[in-house]
Each structure stands twice: as C-alpha cells, then as structure tokens.
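Worksheet: one structure, shown below.
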Number of protein chains: 2
Amino acid sequence: MVSSLRLPALTSLISPSFTRRSTVSLRRRLHLRPPLAAGFSAQSAASSPTETEDRVDSKKSGRVQDRGSTDRVITPRSQDFNAWYIDVIANAELADYGPVRGTMVIRPYGYAMWEAIQDYLNVKFKETGHSNMYFPQFIPYSFIEKEASHVEGFSPELALVTIGGGKELEEKLVVRPTSETIVNHMFTQWIHSYRDLPLMINQWANVTRWEMRTKPFVRTLEFLWQEGHTAHATLEEAEKEALQMIDVYTKFAYEQAAIPVIAGRKSKVETFAGADKTYTIEAMMGDRKALQAGTSHNLGQNFSRAFGTQFTDENGLRQHVWQTSWAISTRFVGGIIMTHGDDAGLMLPPRIAPIQVVIVPIWKKVDEKTGVLDAASSVAETLKNAGLKVKLDDTDQRTPGWKFNFWEMKGVPLRIEIGPRDVSSGSVVISRRDIPGKQGKVFGISMEPSILEAYVKDRLDEIQSSLLQRAISFRDSNIVDVSSYEELKEAISLGKWARGPWSASDADELRIKEETGATIRCFPFEQPQGTKACLMTGKPADEVAIFAKSY
Amino acid sequence: MVSSLRLPALTSLISPSFTRRSTVSLRRRLHLRPPLAAGFSAQSAASSPTETEDRVDSKKSGRVQDRGSTDRVITPRSQDFNAWYIDVIANAELADYGPVRGTMVIRPYGYAMWEAIQDYLNVKFKETGHSNMYFPQFIPYSFIEKEASHVEGFSPELALVTIGGGKELEEKLVVRPTSETIVNHMFTQWIHSYRDLPLMINQWANVTRWEMRTKPFVRTLEFLWQEGHTAHATLEEAEKEALQMIDVYTKFAYEQAAIPVIAGRKSKVETFAGADKTYTIEAMMGDRKALQAGTSHNLGQNFSRAFGTQFTDENGLRQHVWQTSWAISTRFVGGIIMTHGDDAGLMLPPRIAPIQVVIVPIWKKVDEKTGVLDAASSVAETLKNAGLKVKLDDTDQRTPGWKFNFWEMKGVPLRIEIGPRDVSSGSVVISRRDIPGKQGKVFGISMEPSILEAYVKDRLDEIQSSLLQRAISFRDSNIVDVSSYEELKEAISLGKWARGPWSASDADELRIKEETGATIRCFPFEQPQGTKACLMTGKPADEVAIFAKSY
C-alpha cells in the first residue's frame with residue numbers, strides 16, 4: 001500500500017484550534033509542510049536489477065534515499081527529535097492525521113504494533129484472573145461529578161454529547177475519558193457479599209480526552225487502551241493488585257518492548273484524579289524526556305464511597321470495597337518508536353515487530369529470476385512455519401537497494417538477501433537492523449531449514465536483548481544523582497534526569513516544575529540504602545525521587 | 001462471580017425516553033420487574049453434598065430450580081419468547097443494562113462469546129488479505145452530508161458531540177454510526193495509482209446509533225462490530241470482494257455458530273444507505289422472526305464520487321475507485337442465544353462456548369473429598385492440555401444439583417460428573433446439554449487421558465453438528481413456498497417465512513410490509529430452477545424472495 005502522508009510538524013499539532021471543516025482548511029491554517037513520503041507513491045522509473053555483489057549499504061548520514069527514485073526524507077534524529085518522530089510515523093505509515101483536530105488514524109503497520117501489545121497483555125491479564133468485558137462509552141454527566149477530585153481532574157477535557165436522534169438530551173452525556181464512574185455504578189449492582197469479591201475485569205476500548213496539545217500516539221483526542229478495574233474486600237488486597245499490575249506492565253516493557261522503564265510511585269501532586277496512590281512506569285525517550293508509559297492506581301474507597309459500592313463482610317457488616325484501576329494505551333507505540341529509532345527510521349524489538357524478517361530476492365538476468373524467487377519463497381515458508389512473521393518483498397517495481405532502505409526505515413529486525421550465487425551455494429545473506437553496515441551482515445548462512453530457523457531465531461533473540469541493553473546504557477548514562485537543587489537544575493538543563501532524596505512540600509515540587517520544567521516522575525521502587533537528606537530542604541528524606549521533563 | 005441482574009422486560013426496553021438520571025429513576029419509570037437471578041447472590045444455606053447416585057435431572061418443565069435455595073426463574077420460551085430472552089441474558093450473566101437508555105454492559109460470559117466470534121473472523125479477514133487498523137470515531141458533521149442517501153439513512157440516528165474541552169465546537173461531531181465517510185476521506189489521501197489498489201482494511205470498533213427501540217445485543221445505542229472497507233480498480237473486483245465476505249460470514253454462521261443462515265441479496269428498499277447492492281445473511285430465530293446477522297455492501301462509486309477518491313489507471317486516466325464495506329456486530333451474540341436456547345436457558349455451540357466442558361465433583365463424606373477433587377483436577381488438566389475450555393466447579397457452597405442446573409442454564413455443551421465410585425472405577429459420567437435427561441447421559445467413560453480426550457472431542461463435534469442439523473430442520477419446516485399474496489399473508493400470519501417469486505414494485509413491497517409486517521429478507525443465492533410468476537403481479541419473475549417479520 002502506498003500513500004502520501006500529511007502529518008504536520010509538532011509545532012502545528014499544538015494549535016489550540018477546535019474542529020476543522022476540512023483537511024484543506026486545516027492544512028492552510030496550520031502552515032503545513034508539503035506531503036511527506038511522496039517517494040512511496042511516485043510512479044518511479046522502472047527499477048533495474050542490482051547485481052548480487054552490488055549490495056547497497058543504506059546507512060547514510062541522516063537521510064534515507066532511493067536510488068533513481070523520488071527522495072524520502074527523514075529529518076535526522078539528532079537534528080530535530082520531534083520532526084524526526086513525525087517523519088518516521090509518516091514514512092513508516094504508522095499513523096495519519098484524522099479530520100478532526102488532534103485525532104489520529106492508526107494505519108495497519110502501527111496497528112499491528114498495538115496488536116502485539118494486546119496479544120501479550122491479554123494473556124497476562126487472564127493469567128492473573130481478570131475477565132474481559134465491555135462498558136458503554138456514554139456516561140451520564142452526573143456520574144463524573146460524584147467523586148470530587150475526579151471531576152476536578154477530568155472536567156476540562158470532556159467531550160459531551162448533547163444531541164441524540166435529532167433531539168436535545170435531558171442530561172449531557174460524557175464520552176468516556178476513563179470508566180471508573182460507570183464501572184462503580186455497575187459494581188454497586190453486582191457486588192453484595194464478600195463472596196462476590198474480588199471482582200476483576202478489564203476492557204479494551206477507545207477513550208476521549210479533549211487535549212489541547214496533541215502528538216501522534218503520545219497524546220491524542222481519542223486513543224485506544226485497556227483499563228482494568230478491580231474491587232476487593234481489603235485495602236491490602238487492593239494494594240497487592242495495584243502492585244501486581246504495575247509489575248505486569250514492567251515485565252512487558254522490559255521483555256517485549258525492550259524498554260527499561262523505571263517503576264515507582266507517583267508523588268501526591270501527580271497522582272491520578274480519584275486515586276490514593278498511583279504507580280507508574282517511566283520510560284526515557286531518545287531525547288531523554290520521560291514518557292509515562294503505564295499506570296496502576298490504588299483507588300482506596302474513593303469511588304466506592306461516592307457510588308455506594310458496598311459488600312457484606314464475613315461478619316455480616318456492610319463495608320465499602322477497595323478498588324484499583326490500571327491502564328496502558330496506544331501511547332506505548334510512541335514510546336517504542338522514541339526509544340529505539342535512529343536516523344534511518346524505526347528500529348523495532350523483534351517481539352513487537354509486525355514483520356520480523358524481510359526477504360529480498362536479488363536477480364540480474366531473467367533466467368536467474370525463477371531460481372531466486374523459488375529459493376526466496378522456500379525460505380519464507382520455512383520461517384513462517386517456524387512461527388516467525390515474514391515478508392517476502394518480491395515486487396519487481398523496486399530495486400533491491402530501495403527495498404533495503406525501505407525495510408530498514410520500517411524497522412524490520414532482520415533482512416535476508418538471496419541472489420543467484422546464494423542459490424548456487426544454498427545459502428543466504430543476513431543483515432541486522434541494529435548493527436549498521438557490514439558489521440551487521442553475515443554471508444553464507446545455510447538455507448537448510450533447521451539451520452536457518454535456529455540461526456534466525458538466535459539472531460532475533462540477540463537483537464531483542466541488544467536493544468534492551470542499549471536502552472539501559474542510555475538510560476543509566478543520563479540519570480544524575482543530585483543532592484541539591486542547584487545540582488538538580490544543572491542536570492535538567494543538560495536534558496538529563498535527576499535523582500535525589502526528597503521530602504519537601506507539594507509547593508516545592510510545583511516550584512521546581514515552574515522553574516525547570518521538570519516534575520517528579522516517580523519515587524522508584526528500587527531505592528538506595530542509607531540515610532538521606534532532602535535535596536531541597538536538607539531535612540531527612542526516606543526516598544529518592546526522579547525528576548525529569550516529560551511528554 | 002455472583003450478581004443480581006436487573007434487565008427490564010422487553011416492553012420496558014422499547015420506551016422512547018432518552019437519558020435517565022439514575023438507574024433508580026429509570027426503573028421506576030419503566031415499571032421494571034423485581035431483580036432477577038437473586039438466587040445467584042443469595043447467601044443461601046450451606047449446601048449439603050448429594051450422593052453420587054442421587055444425580056439430579058435438571059430438566060423441569062420450563063423452570064430451572066435450585067434445591068433448597070432461592071429460585072431462579074426463567075420464563076418458558078414457549079410462553080413468552082422475549083421474556084425468556086431477557087431472562088436468559090440476566091440469569092446467564094451475558095449482559096446488563098447500562099445507565100444510559102438503550103446501552104448495554106457486556107458481561108464477561110457474553111463478552112467471551114464475542115471474543116470467540118472475533119478470534120475466528122480476525123483470522124479469516126487476514127487470510128483474505130485484509131489488515132486491521134483504526135479510524136477516529138468523531139466524524140465532522142459535513143462528512144455525513146456528502147453522500148445523499150447515506151445522510152438520509154443515518155441522520156435520524158446520530159449522536160452529536162457539540163462541546164469539547166468546555167467550549168462549544170465550531171462544527172458538530174458525529175459519533176460514528178459507521179465509517180464509510182471518514183474512511184473515504186482517508187482513502188482519498190492514500191490512493192493515487194492503480195498500484196495502490198486493492199486497499200483492503202478492517203477495524204474492530206464501537207459504533208453509536210440513536211435507536212428508539214432497543215433490545216440487548218439485537219439493537220443497542222452503542223454496539224461493537226467489525227467493519228471492513230475496501231477499494232478496487234474495477235466494479236468486478238468490488239463485486240467479487242462483497243460476495244467473498246458474505247461467504248466468509250455464511251461459513252462462520254454455519255460452521256462456528258451452527259446457525260443455518262440464508263445468504264442472498266437485499267431488495268432495493270432494504271439496501272444499505274449508500275450502497276448499490278447489499279448482501280445479507282438472514283437467520284431464523286426460535287420465535288421464527290428473522291435476524292439480519294451480517295451484511296456486505298457493494299458501494300459502487302457512491303462514496304468515491306462524493307469524496308473524490310480517484311486513482312490513475314494503467315492508461316494514465318483518472319478513475320473513481322469501486323468500494324465495498326461489510327460488518328458483523330455483537331447482535332450476532334443475540335442470534336446465537338435465540339437460535340439454540342431452550343426452556344432451561346442457553347445452549348451454546350461448542351465452537352462459541354466460553355466453557356465447553358464443566359466438571360462437577362461429587363462427594364458425600366469428608367474422606368471422599370480429596371480423592372474426588374484430585375481426580376476432577378486431573379481430568380480438568382487433561383482436557384485443558386487438549387486445548388479445550390474447561391471449568392472445574394469445585395466450590396462447596398453449592399450442591400451438585402444446583403451446579404447441574406446452573407451450568408445447563410449457562411449453555412455449557414458437556415458436563416462431566418465425578419463421584420467416589422467413579423474414582424474407584426477410573427471412569428466419569430458425561431452429560432450432553434443438547435439431549436436432556438438420561439438419554440444424554442453416559443456412564444463409565446474411562447478417565448485415561450487419551451480415551452477421555454478423544455471421547456470428549458467427538459461428543460463436542462457431535463453437539464456442534466447436531467445443533468446445526470436441528471436448526472436446519474426448524475428453519476426448513478418454517479419456510480413456506482407461496483405463489484400468491486394470499487398464501488404469503490397466510491404464511492406470515494402463522495409466523496412462518498414465505499418464499500415466492502417476486503418482480504413487483506417497491507410500492508408493492510412496502511404495501512406488504514404495512515399489511516403483514518413482513519419485509520423481503522433477501523433474494524436467496526440459491527434459487528429454484530424454472531420459470532416463475534410474481535406472486536403479486538403474475539408477471540414473469542427471475543427470482544424468488546423470502547418474506548418474514550424480523551428483528
């Protein structure tokens with residue numbers, strides 16, 4: 001599939017305008033740059049086969065170019081991280097801009113990443129005792145008002161349905177920004193006795209928050225997520241559940257997405273509107289800004305008191321249930337892009353990649369074509385049967401060089417090249433996305449199915465852990481231990497994360513935000529030993545906090 | 001999980017009121033019956049174990065009763081089909097009523113049926129070349145107005161967002177009732193040349209239609225569905241695609257849901273708003289009303305002309321694309337309930353059932369308990385490892401008799417009973433949900449894993465095809481061939497479907513609807529041979545049509 005994408009630069013996305021009448025008018029208003037990725041759809045000159053020996057090294061300083069075709073341009077990551085991000089999303093066809101301001105169309109390649117996230121988490125949720133279900137997205141406005149801090153947190157961002165079936169509604173309906181209120185309304189009807197607890201459910205759904213500053217995947221008016229909701233008989237059980245789920249997210253981030261998140265507790269200031277405690281996983285993006293990649297809330301009895309969600313305990317007494325909620329969204333896709341990508345485009349961890357191996361057949365003479373394509377198909381079949389996600393790019397409308405660049409830009413972890421000589425020798429050439437140029441290229445891997453399958457799986461495992469290790473090194477070299485506000489300011493001004501003891505006030509925390517742009521991302525679960533003095537006040541502090549600028 | 005469900009009777013659901021302020025006020029207004037299924041949550045007396053020999057035959061004339069516990073009452077199906085339907089949904093915990101009129105909460109057991117539908121179709125869609133993606137649900141109002149018959153068909157049912165982030169919007173936003181308009185808006189940007197075609201995508205999403213008469217699963221304000229959208233270079237390709245997808249739906253209905261749908265073409269009057277042709281699968285429910293269970297539309301160039309979706313063909317000429325769209329929704333869950341259920345409750349085809357086998361351990365003396373539970377766990381493990389969906393109901397808060405009734409009501413295809421004597425003899429007792437009483441019960445099936453697994457899988461296959469055969473017989477005995485309007489009227493008045501030659505006018509078709517309540521469900525693909533005379537006009541007719549009352 002081919003496209004011309006018209007995602008605006010970041011500066012355009014943070015326009016406070018509301019809806020638009022048409023794409024054209026919005027584009028005019030936002031001074032958009034010309035369509036990106038025109039090269040994908042250009043009716044380029046017929047491609048000429050490349051010699052097997054003429055393998056193209058696609059790594060060029062910050063530019064992915066097609067030989068003899070229209071240029072596709074990706075802004076170098078080092079030059080302008082946000083422009084790079086938008087370019088990658090456009091060129092790799094991950095998403096496009098919806099007709100309503102701040103909305104996003106998730107295209108098949110981007111959606112397949114979300115499906116990989118869903119497939120993994122859905123199994124883990126069920127293993128940990130949760131059932132999927134579905135709540136309506138329309139919530140009576142009065143529900144939102146029932147929990148005081150919840151309404152305060154969400155009312156500025158609501159989309160309201162006021163007309164249905166041609167008539168003005170008696171009560172405005174909120175398009176769900178999150179479902180705690182409607183969940184509690186139903187839980188109140190379903191929960192009667194301690195025997196009904198714990199009640200543990202999850203839903204995969206779309207949610208709407210009327211955000212002013214939007215950015216594809218990271219913050220959109222509508223996004224996709226899962227939201228888990230549980231009710232328990234005791235505070236301890238709820239706390240255990242909230243911690244269990246942030247642990248599920250943490251494992252997912254490390255093991256699947258190769259993102260070394262830091263898990264911890266949010267400060268009071270940053271806690272979810274309606275929660276007693278919020279746990280979070282914080283990821284360091286390639287520009288060293290933090291991304292809150294998943295949260296798990298201990299809601300205490302805040303919603304059960306607001307909605308009268310009670311149960312009769314074993315002693316016959318009526319008690320309010322203790323609750324949790326937890327969510328991961330399509331924002332995570334943005335996190336994967338911004339953690340691993342480089343100047344050439346996307347770089348996907350094998351366990352998330354929609355295509356794990358791309359096979360590029362290479363032939364020069366017509367009489368070579370059949371043999372090469374047969375071998376390529378056979379290799380593709382072998383790897384598919386081994387459970388791998390394989391793409392055989394056998395079009396003859398593009399040169400092998402173009403294909404190398406294209407699939408590199410799409411972040412495919414492994415590329416297999418097969419030319420006439422490879423067919424003769426019964427072997428293939430394999431290149432790793434994460435190691436550029438010749439260093440990442442190995443010749444003469446046998447086509448023999450069992451050998452090839454084992455080799456490919458080993459390399460994919462290596463890439464998976466190599467991406468994680470690289471991200472860990474990057475993260476650790478960009479966290480600075482600080483013991484004073486001066487040191488914190490310096491670290492933040494250098495674009496780094498600052499970690500230091502903290503026991504100061506909410507007001508001090510807000511002052512740091514105003515003065516440096518950094519917020520407390522979390523009090524990490526992993527804490528250093530020993531006595532500590534608050535970086536701000538010098539008073540004793542129990543914990544270190546991590547401060548950073550964030551998305 | 002235990003609950004008291006409060007779904008209103010059908011008569012309450014067809015109230016034209018809009019939103020409600022609280023459940024309580026709606027219930028008051030709609031004169032709801034008292035909560036159903038109170039027995040599920042009652043803190044009933046501790047159950048006493050039943051003797052192995054005292055196996056409970058749960059088939060009672062129209063009533064499922066618990067021995068020694070609060071009654072659960074399901075209205076007999078023969079007495080009041082609609083009340084039975086609502087009772088089954090409540091008692092089997094398939095769904096509950098949302099706080100906003102006409103909305104539905106899909107509970108875990110009902111949602112698991114939807115997941116079974118998704119799992120099958122998602123694979124078939126990918127096999128037939130479609131990719132999943134996601135479009136925003138907010139559509140500028142102006143989009144809906146672009147295709148003349150589309151706006152006429154949908155504008156009475158729209159939910160409109162008029163306020164976002166606290167401000168009145170410049171342009172109202174439609175909460176998607178279907179996505180053809182926004183899909184075409186994006187297709188217009190993505191499609192340039194014939195090389196970009198066919199473009200074949202699908203999305204799983206929620207949609208909103210402001211229906212006045214609602215009924216759980218069958219017609220709700222918000223529902224879940226998949227909608228496929230494709231664009232092609234020629235009319236022929238689009239037609240082939242539309243037919244391919246109705247064929248996928250037909251196979252799904254027969255092979256998975258055991259519903260012998262009749263596939264065919266809609267009359268002009270019943271064609272989708274914006275389509276040239278609509279293909280449909282029509283299912284006969286237990287009350288002999290028709291349920292439109294899935295549709296596939298050949299959209300022609302209607303939307304491509306309205307949205308300017310053009311491509312450059314191989315000769316360099318600009319052409320409008322030819323399109324299709326096709327959908328199946330959570331309505332299908334209602335179709336499964338109404339096709340197979342009986343007085344005892346749900347009866348689920350094994351391939352859709354969230355639980356295929358329930359295991360009920362039975363013990364009398366405390367010293368028997370361990371042996372029985374060990375054997376039951378081992379049997380459960382064997383069957384789970386064989387890929388079956390198994391529930392071991394080992395709670396000691398309920399009697400075996402209660403459990404038999406409960407899981408029968410939940411429609412579980414097979415029940416395995418294990419008592420002390422079974423443990424001694426190394427065998428189990430197996431009962432079929434589709435054959436009531438002793439006839440459906442077989443004693444002495446060996447616990448030996450390979451024997452048991454093979455036996456259980458064979459029985460599940462038998463049940464699957466038996467449900468289909470039963471539904472086919474029921475369908476065929478309730479379709480009457482008619483050759484005159486008089487005969488048609490008689491058939492319809494008897495509650496049957498009428499099949500007869502038709503070449504009369506749209507006005508005649510509408511007259512039949514007014515006079516009999518029946519509509520043309522479809523011109524079936526399977527047509528009788530020979531010349532035919534229109535049942536209404538006596539003039540030559542090419543095809544027979546099927547008339548029926550419908551949901």
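Numbered from 1 within each chain, the chains take letters A, B, ... in sequence-line order.
Contacts of A/Phe311 classified as side-chain contact (heavy atoms from CB on, under 4.5 Å), with partners at least two apart in sequence or in another chain: A/Ile191, A/Tyr194, A/Leu197, A/Ala233, A/Asp313, A/Gln319, A/Val321. Remark: B/Glu145 pairs with B/Tyr141, B/Ser142, B/Val151 by the side-chain contact (heavy atoms from CB on, under 4.5 Å) rule, at least two apart or across chains.
Summarising the geometry, atom CG belonging to B/Leu173 is positioned 10.0 Å from atom OG1 belonging to A/Thr208; distances are rounded to the nearest 0.5 Å. Atom-to-atom distance recorded for A/Ile106:CD1 and B/Asn132:CG is 11.5 Å, nearest 0.5 angstrom. Note that CD of A/Glu93 and CE of B/Met133 are 10.0 Å apart. Values are rounded to the nearest 0.5 Å. Separating the CZ atom in B/Arg176 from the CG atom in A/Asn206 is a distance of 6.0 Å, to the nearest 0.5 Å. The CD atom of B/Glu115 sits 3.5 Å away from atom NZ of A/Lys126, with the distance rounded to the nearest 0.5 Å. One distance of note links CD of A/Glu168 with CG of B/Leu160; it measures 10.0 Å at 0.5 Å rounding.
Shortest non-hydrogen contact noted between A/Gln189 and B/Asp96 is OE1-OD2, 4.2 Å.
Here B/Phe138 is the residue among B/Phe135, B/Phe138, B/Phe223 with the most heavy-atom pairs under 4.5 Å with chain A. When A/Ile163, A/Thr162, A/Leu158 are compared by the number of non-hydrogen pairs under 4.5 Å with chain B, A/Ile163 comes out ahead. Comparing B/Ser155, B/Gly166, B/Pro156, B/Pro136 by how many heavy-atom pairs each has under 4.5 Å with chain A, the most go to B/Pro136.
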Give the C-alpha distance, both sets of side-chain angles, the deciding distance and a yes or no for side-chain contact (heavy atoms from CB on, under 4.5 Å) between B/Ile201 and A/Tyr111. CA-CA 11 Å; B/Ile201 64 94; A/Tyr111 197 83; over 6 Å; no
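Within the 4.5 Å cutoff, side-chain heavy atoms of A/Trp210 are placed close to those of B/Leu169.
If you measure heavy-atom distances from A/Met104 to chain B, the contacts under 4.5 Å come from the backbone alone. Using a 4.5 Å cut-off between heavy atoms, A/Ile182 touches chain B through its side chain atoms alone.
A side-chain donor-acceptor contact under 3.5 Å links A/Glu222 and B/Tyr134.
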